[in-house]
Amino acid sequence: MANLTSSTALPVLLDCDPGIDDAFALAYLACRDDVKTVGVVTTAGNVSQDDVLRNALGLTELLGMNAPVARGADAPLVEPLMTAEETHGPHGLGHAVLEECGRPDSRSGAQLWVDLAHQYPGRLVGIVTGPLTNLALALREEPELPRLLRRLHVMGGAINHRGNTGPTSEWNIAVDPEAAHEVFEAWGKASQRVVLGALQATEAVRLDEKHRQAVAQLKDHPVGAVLADALQFYFEFHQADGLGWCAYLHDPLVVANAVTGQFAKTRPLAVDVELTGTLTRGQTVGDELGRWGKEPNVDLLCDVDAEGFIEHLLTTLGGWVEGPSSGH
Ligand code: RIB
Ligand code: CA
């Protein structure tokens with residue numbers, strides 16, 4: 001990859017809930033010389049805000065990422081917080097546990113969104129791999145965000161596809177449906193659509209035993225050890241959940257597509273979130289037939305090159321771990 005100066009590298013803000021696949025996404029960003037992660041926001045989701053913040057501080061330290069990490073809200077806008085320790089481990093990184101290290105930025109997660117959008121007008125790529133709580137709070141602070149950001153990429157939703165949380169809902173949206181609705185509505189009035197990686201796309205990225213072994217071979221490196229221990233737990237969860245000895249790695253696909261434009265195509269779709277359904281609250285609904293008469297607000301990832309992406313991810317992580325680890 002071109003060894004770009006930090007001024008020409010793509011500025012990225014990652015809003016995440018690490019979380020095992022979020023950890024892989026963060027590590028992937030650290031591997032790329034053509035990307036500068038200029039901020040990390042932590043959103044409660046997979047585990048509590050205290051745990052996602054500790055994980056983000058520990059991972060950015062291990063990765064040599066010189067980026068502010070800002071603590072997000074402790075709970076969703078309306079829905080009581082639910083967490084998923086059975087999926088991501090008692091503290092969010094499976095069998096890996098990071099010591100307390102580093103200090104969060106003095107700003108809130110929402111404030112960091114707004115400040116960075118103004119600092120990089122038209123250039124900042126926002127990526128959300130957790131619930132949309134803090135982006136919604138930032139939008140309330142700065143309604144111009146959709147026009148200030150270069151692009152917004154989100155992992156979330158299951159559109160005409162079974163859910164992984166409720167029968168029809170996907171985790172990131174189900175944790176904070178009101179926030180997701182506010183984000184999709186705001187981008188519906190903007191000139192550029194949200195790039196959305198929903199379950200039907202991200203579940204194409206299914207790691208199997210040979211992939212698990214490839215990550216396990218990175219254990220001599222501090223980051224590799226965390227990823228390997230985390231992935232081991234993730235495989236154990238998927239097997240216990242009846243999905244077989246595998247792991248769906250959702251977040252890294254959305255991040256890699258955001259910074260490369262590769263590994264998936266997109267198609268425009270009008271999308272909103274069900275807020276009042278008794279059986280379907282938190283469902284992400286796509287208007288495939290145009291019944292709402294609304295312009296598309298989402299570019300939905302489709303036609304995923306899962307094999308190509310998995311190879312790219314493992315090669316990128318392996319090359320960085322084995323090579324001179326470059327700080328970001
Ligand atoms: O549904 C998958 C999403 O929920 C991923 O982002 C995973 O990390 C969890 O946050
Ligand atoms: Ca996540």
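All ligand and atom numbering here is 1-based and tracks the order in the structure.
Considering the Ca ion (ligand 2) as centre, the angle to OD1 of Asp22 and to O of Thr129 is 130° (10° rounding).
A distance of 12.5 Å separates CG in Leu124 from NZ in Lys36, rounded to the nearest 0.5 Å. Put simply, CG on Leu145 and CZ on Arg140 are 13.0 Å apart, with the number rounded to the nearest 0.5 Å.
Lys294 NZ: more than 12 foreign heavy atoms inside a 6.0 Å radius. Residue Glu311 places its CD atom among 12 or fewer non-hydrogen atoms of other residues, nucleotides or ligands, all under 6.0 Å distant.
Ring-plane geometry between His312 and Tyr28 is classed as perpendicular, the angle between the planes exceeding 60 degrees on a 0 to 90 degree scale with a lower cut at 30.
If you check which protein heavy atom lies closest to atom 6 (O) of ligand 1, you get Asp251 OD1, 2.6 Å. With respect to atom 10 (O) of ligand 1, the closest heavy atom belonging to the protein is Asn172 OD1, 2.9 Å. Nearest protein heavy-atom neighbour of atom 8 (O) of ligand 1: Asp21 OD1, 2.5 Å. The protein heavy-atom contact nearest to atom 1 (O) of ligand 1 is Glu170 OE2, 2.5 Å. At the top of the distance list for atom 9 (C) of ligand 1, counting protein heavy atoms only, stands Asn46 OD1, 3.2 Å.
With ring centers used as reference points, His88 lies 6.0 Å or more from Phe233.
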Report the C-alpha separation of Thr276 and Glu274 in whole Å, then their side-chain angles, then the decisive distance to 0.1 Å, and conclude whether the side-chain hydrogen bond (donor to acceptor under 3.5 Å, both in side chains) test is met. CA-CA 6 Å; Thr276 58; Glu274 177 55 62; 3.0 Å; yes
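In summary, the atoms of ligand 1 found under 4.0 Å from a heavy atom of Thr129, numbered by their order in the structure, are 6 (O), 10 (O). Listed by number with element, the atoms of ligand 1 under 4.0 Å from a non-hydrogen atom of Asp22 are 8 (O). Within ligand 1, counting atoms from 1 as listed, the ones closer than 4.0 Å to a heavy atom of Met155 are 2 (C), 3 (C), 5 (C), 6 (O).
Counting just the N/O/S atoms of Asp17, the one with the shortest distance to the Ca ion (ligand 2) is named OD1. Looking at Asp251, its N, O or S atom nearest to the Ca ion (ligand 2) turns out to be OD2.
Counting heavy atoms under 4.0 Å from ligand 1, residue Thr202 does not touch it at all. When heavy-atom distances to ligand 1 are checked against a 4.0 Å cut-off, Ile20 has no atom that comes that close, whether in backbone or side chain.
Counting backbone and side-chain atoms alike, Asp21 contributes no N/O/S atom closer than 3.0 Å to the Ca ion (ligand 2). In summary, no N, O or S atom of Asn46 is located under 3.0 Å from the Ca ion (ligand 2).
In this structure, a donor-acceptor pair under 3.5 Å is present between the side chains of His211 and Asp208. Residues Glu236 and His95 have side chains that bring a donor and an acceptor to within less than 3.5 angstrom of each other.
Within the 4.5 Å cutoff, side-chain heavy atoms of Thr37 are placed close to those of Val40.
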